[in-house]
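Start at 1 with the first residue, then count along the sequence.
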Amino acid sequence: MFDETFDVIVIGAGHAGCEAASASARLGADTALVTINLDLIGQMSCNPAIGGIAKGHVVREIDALGGIMGRVIDRTGIQFRLLNRSRGPAVQSPRAQADRSLYRVEMRRVLEATPNLSLRQGVVVDLIVEYARVIGVEMQDQRRFGAKAVVVATGTFLNGTIHTGERTFSAGRAGEPASIELAESLKSHGFPVGRLKTGTPPRLDGRTIDWDAFEPQPPDENPVAFSFSTDKIEQPQIQCYIGYTTDELHEQIRGNLHRSPLYSGKIKGVGPRYCPSIEDKVVKFADKNRHQLFLEPEGQNTNEVYLNGFSTSLPADLQQELLRMVTGFENVRIIRPGYAIEYDFVDPRQLCPTMETTRINGLYFAGQINGTTGYEEAACQGLMAGINAALALDGREPFVLARNEGYIGVLVDDLIQHGVDEPYRLFTSRAESRLTLRHDNADERLSPKGREIGLVGDSDWDRFNAKRDRTAKLRNLLDTTRFKRSSAEYAAISCLLGVDLGDSITIGNLAMRQGVDAAMIHRLLPDEIRGEISMPILETALADSLYRGYIETQRAANERVNHHDNLKVPDGFSFSSISGLSNEMVERLERARPKNFAQVRKVTGLTPAAVSTVLVHLTGQRPRADA
């Protein structure tokens with residue numbers, strides 16, 4: 001009946017598929033990763049970068065659980081930067097520009113070295129289902145592979161359609177076929193399917209750019225790695241650059257909106273709110289006379305440059321004309337035009353928290369098929385799907401993360417509880433417990449879970465325990481080491497800060513003072529421990545001290561929010577009258593028209609901060625909850 005039989009088949013070798021296949025194989029399941037083109041495993045279809053706000057947190061959580069994305073980017077990243085350095089530790093997040101081709105090569109190398117994992121090239125056209133359980137897949141070349149579980153991680157390939165100006169054609173991404181038959185197969189099995197849209201900017205020939213016209217954006221001097229197993233980033237780093245659009249360019253776009261499929265009516269799918277096309281920016285932010293552009297080289301050994309901030313589906317000739325209106329691009333040449341792509345997604349409310357579908361046993365969905373956007377969001381779903389597919393085959397308990405345990409838990413819960421009405425992107429504001437879900441403590445939160453599952457190996461576990469012991473020792477030292485008024489240290493610190501510190505002060509309390517940084521605290525540590533305490537460990541311990549009181553306040557606020565579900569929203573109430581709500585939150589509330597606070601909490605895309613703001617307003621208006 002089957003040409004080959006596996007325990008788990010993963011369809012698609014993007015970021016979700018790679019994590020799913022790696023996890024299931026390393027947990028002992030005989031796994032096949034099936035993809036249209038084996039040369040494009042781990043391909044970065046859009047921005048050649050990993051991480052960013054909240055996304056960097058997710059990559060570190062993936063690594064803490066035993067995933068592979070963090071290790072691969074650490075070996076292939078060419079510009080590392082810690083974002084939000086000037087803000088609190090909870091919202092700081094690592095990001096790295098990748099060498100696109102090296103990332104792909106390294107990801108394939110890692111997968112090919114994984115025991116129990118086989119790679120197969122081909123197009124899956126159908127799921128083989130018996131008695132509401134998936135038992136295999138059928139290929140376009142008529143091969144049939146049997147399986148006890150199947151993970152669908154098809155990205156934008158499901159019934160994908162590319163738009164560039166007036167030209168429209170079927171594709172999963174530029175140069176590759178769409179997966180049309182598989183999309184029809186999912187519909188035939190009763191899955192509710194919707195349509196989303198995303199886009200990509202033109203890639204430029206770096207030899208035709210006047211680099212002196214742009215503002216350099218250097219890498220961090222001391223790069224923050226993604227993997228807890230990475231001691232140092234060894235490869236050379238590059239500069240990226242910042243530029244700006246012009247009024248002339250904006251006017252030219254406004255005069256050619258009829259040539260954009262986004263505005264001509266050709267595109268029906270909903271696009272990502274937080275990564276709009278340049279056409280959208282010019283129309284929706286008409287008051288701005290310029291928009292920021294990021295020039296990001298695609299690798300150390302290529303002239304290709306990714307123009308972040310200029311996603312577009314305008315005709316290729318117009319893209320060329322528009323770019324030459326930017327200072328520094330007077331002679332620029334386009335290597336690959338930008339385009340928009342529409343694709344099918346399945347309502348994620350069809351999923352269990354394990355990423356298994358509720359309609360077909362043994363079938364798991366991960367990535368953009370669930371309505372998300374971004375490599376990191378896809379990868380963490382793939383990891384969860386791969387873990388749970390393998391655990392289910394062994395009869396083990398499923399693995400699920402709660403919202404207060406990780407951003408991965410926030411993402412999965414948002415998807416299965418609320419669904420999506422636009423491509424879902426993760427932000428720190430989506431997490432009620434964001435003060436404790438920091439990127440630096442992801443290993444403390446999740447590595448014991450990864451070890452229990454079986455994905456964290458012995459060497460990484462030994463490393464984790466050694467770090468945990470040093471951190472515990474440091475926390476105790478911060479709380480107990482005290483400088484008295486009579487000490488030399490007290491006098492020096494008091495003089496430096498220009499304040500009286502009382503009769504005595506602990507190092508931990510000193511760290512919360514204005515003007516005191518981690519480097520100063522490190523110098524104050526006793527000689528016998530200073531050498532074994534790295535700056536990352538110290539910064540984690542100091543963040544714990546900084547947020548201690550806030551975390552208790554946050555916990556109380558979360559409990560308060562969950563006890564007002566019967567509070568009614570007055571008829572005809574205008575949410576725009578609530579001070580402190582962003583335009584996006586008002587838009588979502590006005591569209592949903594919730595009747596009570598329970599419905600407010602379930603509005604898709606509403607942040608915890610917005611929920612709390614609405615509650616404060618409603619309780620102020622109506623102090624008594626109506627039955």
For this session: Could you tell me whether the side chain of Thr154 reaches within less than 4.5 Å of the side chain of Leu182, counting heavy atoms only?
Result: yes
For this session: Consider only side-chain N and O atoms of Ser170 and Thr161, and report whether a donor and an acceptor are under 3.5 Å apart.
Result: no
Exercise. Distance only, no hydrogens: is a donor on one side chain within 3.5 Å (strictly under) of an acceptor on the other, for Tyr263 and Asn256?
Worked result: no
Seminar exercise, completed: The salt bridge (charged side-chain N to carboxylate O under 4.0 Å, His left out) partners of Glu279 (sequence neighbours excluded) come to none
Exercise. Does Tyr244 have Arg290 sitting over its ring (NZ/CZ under 6.0 Å from centre, angle to axis within 45°)?
Worked result: yes
For this session: For ring pair (Phe, Tyr, Trp, His ring centres under 6.0 Å), just list the numbers for Phe191 and Phe365, CA-CA rounded to whole Å, side-chain angles, deciding distance to a tenth of an Å, and then say yes or no.
Result: CA-CA 12 Å; Phe191 288 103; Phe365 290 163; 5.1 Å; yes
Exercise. With a 3.5 Å cut-off and no angle check, do the side chains of Thr428 and His57 form a donor-acceptor pair?
Worked result: no
Exercise. Charged N to carboxylate O below 4.0 Å: is that the case for Glu4 and Arg143?
Worked result: no
Exercise. With a 3.5 Å cut-off and no angle check, do the side chains of His163 and Thr168 form a donor-acceptor pair?
Worked result: yes
Exercise. Does any non-hydrogen side-chain atom of Glu376 lie less than 4.5 Å from one of Leu426?
Worked result: no
Exercise. With no hydrogens and no angle check, do the side chains of Asp99 and Ser101 hold a donor and an acceptor under 3.5 Å apart?
Worked result: yes
Problem set entry | Basic-acidic side-chain contact under 4.0 Å: Arg336, Glu304 | yes
Table please: side-chain donor-acceptor pairs of residues 38-46 below 3.5 Å, with sequence neighbours left out.
unit_1: Asp39; atom_1: OD1; unit_2: Arg108; atom_2: NH1; d: 3.4
unit_1: Gln43; atom_1: OE1; unit_2: Arg104; atom_2: NH1; d: 2.9
unit_1: Ser45; atom_1: OG; unit_2: Arg173; atom_2: NH1; d: 2.7

Exercise. Under 4.5 Å between any side-chain heavy atoms of Val10 and Thr31, yes or no?
Worked result: yes
Exercise. Quick one: do Arg259 and Asp317 make a salt bridge, cutoff under 4.0 Å?
Worked result: yes
Problem set entry | Side-chain donor or acceptor of Thr76 paired with backbone N/O of Val72 under 3.5 Å | yes
For this session: Check each of Arg403, Gln381, Arg425 against Leu411 using the side chain to side chain contact (heavy atoms under 4.5 Å, CB included) test, and report the only one that passes.
Result: Gln381
Exercise. Can Thr312 and Ser277 be said to form a side-chain hydrogen bond (donor to acceptor under 3.5 Å, both in side chains), step by step?
Worked result: CA-CA 5 Å; Thr312 183; Ser277 67; over 6 Å; no
Exercise. Between the side chains of Asn159 and Tyr343, is a donor N or O closer than 3.5 angstrom to an acceptor N or O?
Worked result: no
Exercise. Nearest heavy-atom pair of Ile341 and Gly172: which atoms, and what distance?
Worked result: CD1-O, 2.9 Å
Problem set entry | Sidechain N-carboxylate O distance under 4.0 Å for Arg75, Glu106 | yes
Problem set entry | Ala25 backbone acceptor or donor facing Asn116 side chain under 3.5 Å | yes
Exercise. Could Glu112 and Arg109 be called an ion pair, given the rule that one side-chain N must be under 4.0 Å from one carboxylate O?
Worked result: no
